[in-house]
Amino acid sequence: MPVTPIAIGSDHAGLELKEHLKELLRSLGFEPVDYGTKDDCSVDYPDFGEKVSYAVSSGEVSRGILICGTGLGMSIVANKFPGVRATLCHDEYTARMSREHNDSNILVLGGRVIEKDRAISIVKIWLETPFEGGRHSRRLEKIKIIEQRLLNGS
Ligand code: RB5
């Protein structure tokens, strides 16, 4: 069976957690595609958020993970991209809901606000929880319509 690639990226504040999560993804049979950053020099989160979000938005990969200090900056960047549903999750409940209700395709984490073990548990839930569909599909369709309207300038 082909290995599913998962795009992953962070700034310096998310680097340590990114490295742990890459190991986790490999151990779960996924292929982490690392868009940087690669060392702990101070960088700007939009540069890395853009790369991962573009990979998901363009369909190059179906899912991505972004990490900055709080998760806030990466969330702002990622949700600018058409088709991206980036969700900042702090616990197991929001991780599950982000998949069941929002069909999250980018998981955002705050490297400075979350413990490593909790992050691991969030990632596992986010990877294995299916989208529920039903009434939630209707709501996501509405988001798509808003997106199209904004893109067309109407
Ligand atoms: C970097 O200091 C920090 O601002 C960034 O990682 C992130 O938390 C931004 O939202």
Side-chain angles (χ1 to χ4, degrees), residues 4-28 30-129 131 136 139-140 142-151 153:
T4 308
I6 307 266
I8 188 162
S10 75
D11 67 358
H12 52 288
L15 176 72
E16 196 182 325
L17 183 55
K18 172 164 71 68
E19 296 309 310
H20 288 307
L21 294 183
K22 277 162 60 184
E23 271 173 42
L24 171 74
L25 289 171
R26 281 193 207 101
S27 76
L28 295 173
F30 295 91
E31 180 203 344
V33 184
D34 189 351
Y35 285 85
T37 189
K38 305 273 183 194
D39 58 45
D40 61 5
C41 294
S42 179
V43 290
D44 299 332
Y45 61 82
D47 298 335
F48 301 91
E50 178 183 10
K51 289 178 187 164
V52 168
S53 304
Y54 182 77
V56 172
S57 182
S58 64
E60 212 173 291
V61 293
S62 57
R63 301 252 209 130
I65 299 176
L66 281 171
I67 312 147
C68 61
T70 57
L72 296 170
M74 286 298 198
S75 302
I76 294 169
V77 173
N79 281 312
K80 304 272 178 221
F81 283 76
V84 165
R85 294 177 298 280
T87 53
L88 174 58
C89 297
H90 288 308
D91 53 29
E92 288 78 0
Y93 177 73
T94 49
R96 188 158 53 80
M97 286 299 115
S98 79
R99 290 291 311 135
E100 287 183 355
H101 289 195
N102 310 110
D103 198 15
S104 165
N105 52 12
I106 294 190
L107 170 66
V108 187
L109 297 167
R112 287 178 178 158
V113 295
I114 203 167
E115 295 297 327
K116 180 184 146 202
D117 287 349
R118 163 109 346 135
I120 287 174
S121 150
I122 289 173
V123 170
K124 282 184 180 164
I125 290 170
W126 181 78
L127 287 169
E128 65 198 20
T129 306
F131 177 50
H136 304 296
R139 293 160 188 171
L140 296 189
K142 290 192 176 186
I143 295 174
K144 218 184 266 174
I145 291 168
I146 295 169
E147 219 169 58
Q148 277 157 7
R149 235 190 268 143
L150 292 171
L151 286 172

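Hydrogens, waters and symmetry mates are skipped; everything else that's a heavy atom, side chains included, is used. Whatever order the structure lists ligands and atoms in, that order sets their numbers, starting from 1. For the single chain, residues carry numbers from 1 onward in sequence order.
- Across Asp91 and Thr94, no two heavy atoms sit closer than the pair OD1-OG1, 2.6 Å.
- With Asp40 contributing its side chain and His12 its backbone, the two residues share no donor-acceptor pair below 3.5 Å.
- Ala119 pairs by the side-chain contact (heavy atoms from CB on, under 4.5 Å) definition with Leu17, Leu109, Ile114, not counting sequence neighbours.
- Using a 4.5 Å heavy-atom threshold, the side chains of Phe81 and Val56 count as separate.
- Residues satisfying the side chain to side chain donor-acceptor pair (under 3.5 Å) test with Glu19, not counting sequence neighbours, are Lys22.
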Atom pairs, nitrogen or oxygen, ligand 1 to protein, under 3.5 angstrom:
{"residue": "ligand 1", "atom": "2 (O)", "partner": "Arg112", "partner atom": "NH1", "Å": "3.3"}
{"residue": "ligand 1", "atom": "6 (O)", "partner": "Asp11", "partner atom": "OD2", "Å": "2.6"}
{"residue": "ligand 1", "atom": "6 (O)", "partner": "Gly69", "partner atom": "N", "Å": "2.7"}
{"residue": "ligand 1", "atom": "8 (O)", "partner": "Gly69", "partner atom": "N", "Å": "3.2"}
{"residue": "ligand 1", "atom": "8 (O)", "partner": "Thr70", "partner atom": "N", "Å": "3.0"}
{"residue": "ligand 1", "atom": "8 (O)", "partner": "Thr70", "partner atom": "OG1", "Å": "3.2"}
{"residue": "ligand 1", "atom": "10 (O)", "partner": "Thr70", "partner atom": "OG1", "Å": "3.4"}
{"residue": "ligand 1", "atom": "10 (O)", "partner": "Gly73", "partner atom": "N", "Å": "2.9"}

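- Residue pairs meeting the ring-ring contact (aromatic ring centres under 6.0 Å, His included) criterion with at least one member in residues 82-105, sequence neighbours excluded, are His101-His136.
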